[in-house]
There are 2 protein chains.
Amino acid sequence: MPKTLTAHHGLEIWRRALTGSVRGEGPDLTARQMALMLTVYLTPQPHTVRGLAASLNVSKPAITRAIDRLSQLDYVRRKPDEADRRSVLLQRTVRGSVFLRDFGEQIARAAKSLEG
Amino acid sequence: MPKTLTAHHGLEIWRRALTGSVRGEGPDLTARQMALMLTVYLTPQPHTVRGLAASLNVSKPAITRAIDRLSQLDYVRRKPDEADRRSVLLQRTVRGSVFLRDFGEQIARAAKSLEG
DNA sequence: GGCGATCGTTTCGTTGGCGGATCGAGGCTA
DNA sequence: TAGCCTCGATCCGCCAACGAAACGATCGCC
């Protein structure tokens, strides 16, 4: 359990993790795409386009496009809502889980290398 | 001083800070632009285009473009290197410092709200 | 002084994200 | 069943970022 992460410390962790991500070979996602990923994987289901648009304060087409990109990477999948066929629910994928797990470990490593 | 920030915890902090940033009214910087900002402000001077290109593993034109964008926001300034007129050094600005300070506090807040 | 190397920038064509408007599919109510 | 609403997707023109190549300016060296 972290204890009062300071702003400066947070920035330094952010720098290391982000730099690693930029340097790396992984796909480079926009801030919105990344925010969408994190929202889908870390907040309670279900996730719809309109819900995400409201949650991220972004237009619906922007969400559709982000999903296009992420599903083409197989980081997320569309699943029609059987209860309301107008809606589309987002499903997590193994590949997306792996991507986020790796990213999370990168953050943890950055934090750890700052200790002591 | 943080103590063993877990991957999951790190992701959750990342989600909250990034979502806040996406929702907010600030300029949305690309991952590269943000990485450039953090490198300039958090690592030792001086910073040159080629140095940043190597550090971020990115092409020089990409760095030039990122600097164009950031200097137009007055987050960074170009200063000719008097010792080697071919080089350009990057200077920090007040506005950039404020931007990063706010962002750092957003991270700190996200971390704090996870405690306990 | 001449010449190759190195600096950051510019140009070029391409790709991809953007908001706003609009669409067709589907749901809801009477 | 008719009319209206809401859903996500698509179309449109625009703008920003991309890599590769070429450029002018400047340096280091002989």
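Every heavy atom of this structure was used, including side-chain atoms; hydrogens, water molecules and symmetry mates were not. Values in this document were obtained by computation on a predicted structure and should not be read as measured data.
- The distance from atom CG of A:Asp68 to atom C1' of C:dG17 is 11 Å, rounded to the nearest whole Å.
- As a whole-Å value, the separation of B:Asp84 CG from C:dT6 P is 12 Å.
- In this structure, A:Leu52 atom CG and D:dC7 atom P are separated by 13 Å, rounded to whole Å.
- A donor-acceptor pair under 3.5 Å is absent between the side-chain atoms of B:Ser55 and the main chain of B:Gly51, judged by distance alone.
- A 4.5 Å side-chain heavy-atom check between B:Leu29 and B:Leu70 finds at least one atom pair inside the cut-off.
- The phosphate of C:dC7 has neither OP1 nor OP2 within less than 4.0 Å of any side-chain N or O from B:Arg85.
- At the phosphate of D:dC15, neither OP1 nor OP2 sits under 4.0 Å from any side-chain N or O atom of B:Arg65.
- In this structure, B:Leu89 atom CG and D:dT26 atom P are separated by 15 Å, rounded to whole Å.
- Contact between the side-chain N/O atoms of B:Arg32 and the OP1/OP2 oxygens of D:dG19 is found at a separation under 4.0 Å.
- Residue contacts shown for B:Thr64 include a base, since a base heavy atom lies under 4.0 Å away.
- Straight-line distance from the CZ atom of A:Arg50 to the P atom of C:dG27: 13 Å, rounded to whole Å.
- Out of D:dA17, D:dG8, D:dA21, the shortest distance to the side chain of B:Pro61 is found at D:dA21.
- Here D:dG19 presents its C1' atom at 13 Å from CG of A:Asp28, a figure rounded to the nearest Å.
- Place B:Lys60 and A:Ala62 on DNA chain C by their nearest nucleotides, and B:Lys60 ends up nearer the 5' end.
- The shortest distance between the side-chain N/O atoms of A:Ser59 and the OP1/OP2 oxygens of C:dG19 is below 4.0 Å.
- Counting heavy atoms from C-beta on, the side chains of B:Arg16 and A:Leu38 never come closer than 4.5 Å.
- Checking the phosphate oxygens (OP1, OP2) of C:dA5, no side-chain nitrogen or oxygen of B:Arg86 falls inside 4.0 Å.
- Among the candidates A:Arg50, A:Lys79, A:Glu82, the single residue satisfying the side chain to side chain donor-acceptor pair (under 3.5 Å) test with A:Ser87 is A:Arg50.
- The CG atom of A:Asn57 sits 15 Å away from the C1' atom of C:dC18 (whole-angstrom rounding).
- If you measure from atom CD1 of B:Ile63 to atom C1' of D:dA17, you get 13 Å, rounded to the nearest angstrom.
- Interatomic distance, B:Arg69 CZ to B:Gln72 CD, rounded to the nearest 0.5 Å: 5.5 Å.
- With DNA chain C read from its 5' end, the first of the two nearest nucleotides for B:Arg78 and A:Gln33 is the one closest to B:Arg78.
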